[in-house]
Undergrad: 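Please find one structure pasted underneath; my questions will follow.
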There are 2 protein chains.
Amino acid sequence: MTVESVPTAPRMKAADRRELILEAATAVFGAKTYVGTTTDEVARAAGVSQPYVVRLFGTKEKLFIEVIDRAYDRLIEEFRAVLPGDPEDLGRRMGTAYTDLLVERGMLPVVANSTALGGEPEIGRVARAGFSRIWRFIRDEAGFSPEQAREFIATGMLINTIVGLRLTGDYGDEVSATEVLDACFPDAVEKVRSLLPAAGEPW
Amino acid sequence: MTVESVPTAPRMKAADRRELILEAATAVFGAKTYVGTTTDEVARAAGVSQPYVVRLFGTKEKLFIEVIDRAYDRLIEEFRAVLPGDPEDLGRRMGTAYTDLLVERGMLPVVANSTALGGEPEIGRVARAGFSRIWRFIRDEAGFSPEQAREFIATGMLINTIVGLRLTGDYGDEVSATEVLDACFPDAVEKVRSLLPAAGEPW
DNA sequence: GTCTATATGCGGATAGAC
DNA sequence: GTCTATCCGCATATAGAC
């Protein structure tokens, strides 16, 4: 009986492997923040070895930069998809597109996290650029007024907060999630709740 | 000539020293996030040794928890201070109270950072509790309607984002800070800009 | 294309002196 | 009340085999 070789990742084109790792990285970075994430966790989530992650992306920072860049792109892609239709209703459709992205693990949290990292030279640059793209899209393509744009983005940031705080249940004397969510997004309560992990749970 | 003793922190009552360290910690945590901050940086910012910080607060996590708890308290204190006066104008006064807190280094960023850490068992608990206090204050003491409350908090989160992104200048092809700030808070532009560090600058 | 082994540096925390 | 010395664990990154 020969010694079985340790299960190793199946060979695959580097481009596909990159894609796979980027998805895993989005989920992990989203759950644990940029600094809180180790390249090893990303590697395990993607089913490859830690050095290979570094090998493919150079550094953890470069990996994160690709992740947030992709996330901002994805966001715009989803917004653009709901452009056709009644302009009166566009804000609502875009809001739905935003919360729908909760199913793509890490996508929203990663964007949220990036907005806290403006102080990092490289990451900050990319984060500001991503935010700019969103802003321009909303103004130019969606045709929002400054006031509408401000309102829309502010609401998105509030959703990020609810997600980040894991405001999904009732925590004793703390404010009830239902109360905040009800006040904020009466029609999205169930969706948001069902897509959030419980507090303390991994995502 | 006797050998000079290494400059050492002057003796001081532990309570005062705690306070001093908490202020330094707020600034550092605010600038570099919870995970990104080392207890050594906090110590140096406070002018004491690293082990002493740990000695006084037990762990880095406990220190951070005290920091955000204090920050949420401070926030409410400032809001409460502007309660008296024309109710029509209360929202604006509270908004001003919020942005005025930018002068207290780290205060706002630390609160923002805490909202991303709901996944951490201990920190998440405290962060949700802090957010709850704010929410209840706005509803019960300030008497905001659910819609007003939602609007007010969402705007606060947007301000946090602008601060976190360091959206303070013109970055080439990126969106101009003036454009976003103008659209968001026409009357606070100068204050916010003047209180933010430039991108890449320490805070 | 992917792994194992490993160097290296850093951060949190402890022990104990003054 | 505060410091110095230091241990230990962990995370990133490199070298090099298969």
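Quick note: numbers below take in every heavy atom, side chains included, and nothing from hydrogens, waters or symmetry partners. Here is how names work: the chains are called A, B, and so on, in the same order as the sequence lines, proteins then strands, and each is numbered from 1.
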Undergrad: For B:K13 and D:dT2, what is the distance between atoms NZ and P respectively, to the nearest whole Å?
TA: 12 Å

Undergrad: Test of understanding: with side-chain contact (heavy atoms from CB on, under 4.5 Å), list the residues that count as partners of B:A154, not counting sequence neighbours.
TA: A:A154, A:L158

Undergrad: With sequence neighbours excluded, tell me which residues meet salt bridge (charged side-chain N to carboxylate O under 4.0 Å, His left out) with B:D16.
TA: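 None.
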
Undergrad: For nucleotides 15-18 of chain D, print each protein N/O atom paired with a nucleotide N/O atom at under 3.5 Å, atom names and distance only.
TA:
from	atom 1	to	atom 2	distance (Å)
D:dG16	O6	A:R55	NH2	3.2

Undergrad: Between the two ends of the helix from C:dG1-D:dC18 to C:dC18-D:dG1, what is the bend in degrees, rounded to 10 degrees, where each end axis spans five pairs?
TA: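 Inter-axis angle at the ends, rounded: 10°.
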
Undergrad: Would you call A:R74-A:E78 a salt bridge at under 4.0 Å N-O?
TA: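 Yes, A:R74 and A:E78 are salt-bridged.
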
Undergrad: Should B:R92 and B:D89 count as an ion pair when the cut-off is N to O under 4.0 Å?
TA: yes

Undergrad: What is the distance, to the nearest angstrom, from the CG atom on B:L20 to the C1' atom on D:dT2?
TA: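 Roughly 14 Å, once rounded to whole Å.
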
Undergrad: Is the ring pair A:F29/A:F64 parallel, tilted or perpendicular, if the boundaries are 30 and 60 degrees?
TA: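 Correct class here is perpendicular.
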
Undergrad: Could you pull out all residues at least two apart from B:T115 that satisfy side-chain contact (heavy atoms from CB on, under 4.5 Å)?
TA: A:T161, A:L165, B:Y72

Undergrad: Do the side chains of A:R136 and A:D140 get close enough for a salt bridge, i.e. N-O under 4.0 angstrom?
TA: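 Answer for the salt bridge query: no.
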
Undergrad: Output all residues satisfying salt bridge (charged side-chain N to carboxylate O under 4.0 Å, His left out) with B:E122, sequence neighbours left out; order by chain, then residue number.
TA: B:R125

Undergrad: Please identify each residue that fulfils side-chain contact (heavy atoms from CB on, under 4.5 Å) with B:A71, with sequence neighbours left out.
TA: B:M107, B:V110, B:V111

Undergrad: Kindly state which residues belonging to residues 57-64 of chain A come within less than 4.0 angstrom of DNA chain D, counting heavy atoms of the residue only, listed by number.
TA: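 A:T59, A:K60 - these, ordered by number, are the residues of the stretch whose heavy atoms sit under 4.0 Å from the strand.
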
Undergrad: If you measure from OG1 on A:T155 to OH on A:Y98, what distance do you get to the nearest 0.5 Å?
TA: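 Separation between the atoms: 10.5 Å.
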
Undergrad: Hey, could you give me each pair passing salt bridge (Lys or Arg N to Asp or Glu O under 4.0 Å) that has a residue in residues 22-51 of chain A? Not counting sequence neighbours.
TA: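 Residue pairs with at least one partner in residues 22-51 of chain A: A:K32-A:E41, A:D40-A:R44.
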
Undergrad: Within residues 35-43 of chain A, which residues have any heavy atom lying less than 4.0 Å from an atom of DNA chain C?
TA: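 Going residue by residue through residues 35-43 of chain A, none turns out to have a heavy atom under 4.0 Å of DNA chain C.
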
Undergrad: Does A:T39 have any side chain to side chain donor-acceptor pair (under 3.5 Å) partners at least two apart in sequence or in another chain, and if so, which?
TA: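 By the side chain to side chain donor-acceptor pair (under 3.5 Å) rule, A:T39 matches A:Q50.
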
Undergrad: Taking only residues two or more places apart in sequence or in another chain, which ones pass side-chain contact (heavy atoms from CB on, under 4.5 Å) with B:V48?
TA: B:A9, B:R17, B:I21, B:A43, B:A46, B:Y52, B:V53

Undergrad: In whole angstrom, give the distance that lies between atom CG of B:L56 and atom C1' of D:dT2.
TA: 9 Å

Undergrad: Mark yes or no for a side-chain to base donor-acceptor pair under 3.5 Å between B:Q50 and C:dA13, with no hydrogen or angle criteria applied.
TA: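 Indeed there is one.
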
